[in-house]
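Here the structure comes first, spelled out in structure tokens, and everything after it is commentary.
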Amino acid sequence: MNVTRVFVSDDGWLAMVDAETARYARGSLPDAAPGILRCSTAPTENTVLVDTTIFSAEADAPQDRALLMAQALFAVSLRGALDPLIATAPLGANHAVALRAALPALAEPPRLRDDCFAMPQGVDWVPVETALGRLQAALAPVAGTETLSTSQAMGRVLAADAVARRSNPPQPNSAVDGYGFAHAATGEGPQRLPLVDGRAAAGQPYAGKVPHGAAIRILTGAVLPSGVDTVVLEEDTAVDRAAVVFDGPVKPGANTRNAGEDVRAGALALPKGHRLRAPDLALLSALGVGAVQTHRPLRVGVLSTGDEIIASPDQPAEPHQIWDANRPMLLGFAKGWGYTPVDLGHVADDPNVIAERLTDAAQTADVILTSGGASAGDEDHVSKLLRDQGTLSAWRIALKPGRPLALAMWQGVPVFGLPGNPVAALVCALIFGRPALSLMSGAGWVQPMAFTVPAGFSKRKKPGRREYLRARLNAEGAAEVFASEGSGRISGLSWATGLVELPDEAIDVAHGTPVRFLPYAGFGL
Ligand SMILES: Nc1nc2c(c(=O)[nH]1)N[C@H]1C(S)=C(S)[C@@H](COP(=O)(O)OP(=O)(O)OC[C@H]3O[C@@H](n4cnc5c(N)ncnc54)[C@H](O)[C@@H]3O)O[C@H]1N2
Ligand code: MOO
């Protein structure tokens, strides 16, 4: 063996760089590998101390690490670059990159293929519509019910049909201020009807009967007195002493409203599942519905995960840390959608802590939205945890942005693991979260509002996935899109007033091409 140098690691393994090692380094490892053996000789002037722990990531056993060191040193020596390395001992920590770079390659980098822009093979890419269909089928209303007075029920979802207690209007009445009479007593040409004493006003009904051929002063909303079926508008009349004059003919029933013409007593006023808006409070009140059976608001827990996240901008953040953007956004969605937001705070990427927080949350929330850690990387603890301990259905959705979406049950509570990138978190929350939460709240599945507008941009999109772009309408009514599609560009979320939805198929969008615009307002934002 033509030993040129001996390298000894601090744990006693010896590597020699020479022609033998060259053969070994290029070949397979025989049982007694030449070039590496347990150090039994005292260090000589030929000995260089090496720190083989720099290869801890590559090998656990000291002898294996020494072997890697031998291979690296041999490769370096072949290039004649050994001496500068040896000049600074111990040989190791300061040279980790150079020595790693010198290791012979074992793996080939993946080659670009003709279909390199296709979806990865062997991955179950779920089209958006399929994913939505599965979600819809899997979920059910979970919010309990309680009876509330109508005045307290704004924003609540009806848990039972609301039925009209009486008709609207309850009685036939006048639609205008004018004069009322029996139509049968009038005809064509000038009409002159003597007035009875008294009048009919809203809230002050006329108790008597108006004689055939006579008229009565009547105001808007007044119940039609007996003997009155038609009203002439005040502006079309003149009063001649104690008579009213006008030109006939007047249509029978003119300017009157029939009892129950709006809603009849006993009719369905609002169906179960309807979310009460201010106009609905008007209707229910008008129909005498003073109390309604409602679903309790869905409790939506929101949890952020990630070692880099600082829960609030009230707290300082180091340069490697970022303030939580997703949690305030998702809590805001929940509130805006009429649910009870439950702030579950932020946890670091520690599976035990995440599990503990989810377990607590399962007591206080009906559904949990997490963000971060949804994909399959080293730090993607949410999806791993849900896979190991929950019943995860990890979906890779043919969607951009927002492809990783982890769905699981945690102690009976559905967990939506949204992607960490804020733009992806928003898209997943609006496209998947909103209809799903609506269904769970008792309000049924909802479709986003969308309308077709001309594109104010151009883009060529490949087939196989749906894309959502941050967009807003310009003065011409065309949809312009945000300058960047980067999923971390949070400013684009505020710049936009909605999303443009590009279909799953390929599309070549030019200025003027019709595209679907989904306004934020249609998502209840
Ligand atoms: N090798 C791959 N890498 C990534 C893939 C992939 O398919 N293969 N998918 C990318 C896509 S698309 C997305 S989206 C993200 C999803 O990642 P995770 O859900 O696992 O989220 P993180 O890795 O934890 O974070 C991603 C990104 O978002 C930032 N973040 C996280 N939480 C918040 C928050 N509450 N507020 C503001 N910003 C947040 C985080 O710092 C990261 O920058 O994965 C891609 N990678
Ligand atoms: O879901 Mo990722 O972009 O698609 O950010």
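Atoms within a ligand are numbered from 1 in the order they appear, just like the ligands themselves. Bear in mind the structure is a predicted one, so any value in this text is a computation, not a measurement. Just so you know, these numbers use all the heavy atoms, side chains as well, and skip hydrogens, waters and symmetry mates.
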Ring pair (Phe, Tyr, Trp, His ring centres under 6.0 Å) involving F55 - partner list, sequence neighbours excluded: none
Which of the numbered atoms in ligand 1 are under 4.0 angstrom from any heavy atom belonging to G372? 19 (O), 21 (O), 24 (O)
Within the 3.5 Å criterion, strictly below it, is a donor on D324 or S304 matched to an acceptor on the partner's side chain? yes
Considering only heavy atoms of P422, which atoms of ligand 1 have at least one such atom less than 4.0 Å away? 37 (C), 38 (N)
Where the closest heavy atom to atom 24 (O) of ligand 1 is concerned, which of G420, G373, A311, S304 has it? G373
Distance col, row H346:NE2 vs T370:OG1, nearest 0.5 angstrom, shows 12.0 Å
P404 to ligand 1, any heavy atom closer than 4.0 Å: yes
Applying salt bridge (Lys or Arg N to Asp or Glu O under 4.0 Å), can you list everything that pairs with R299, at least two apart in sequence or on another chain? D366
Quick check on contacts: which atoms of ligand 1 are under 4.0 angstrom from a heavy atom of I309? 32 (N), 33 (C), 34 (C), 35 (N), 39 (C)
Among side-chain atoms of S438 and W337, is any donor-acceptor pair under 3.5 angstrom? no
Does R156 pair with E146 as a salt bridge, N-O distance under 4.0 Å? yes
With respect to atom 38 (N) of ligand 1, which of I322, V302, L303 exhibits the smallest heavy-atom separation? I322
Could you tell me, atom by atom, which parts of ligand 1 come under 4.0 Å of a heavy atom of D324? 34 (C), 35 (N), 36 (N)
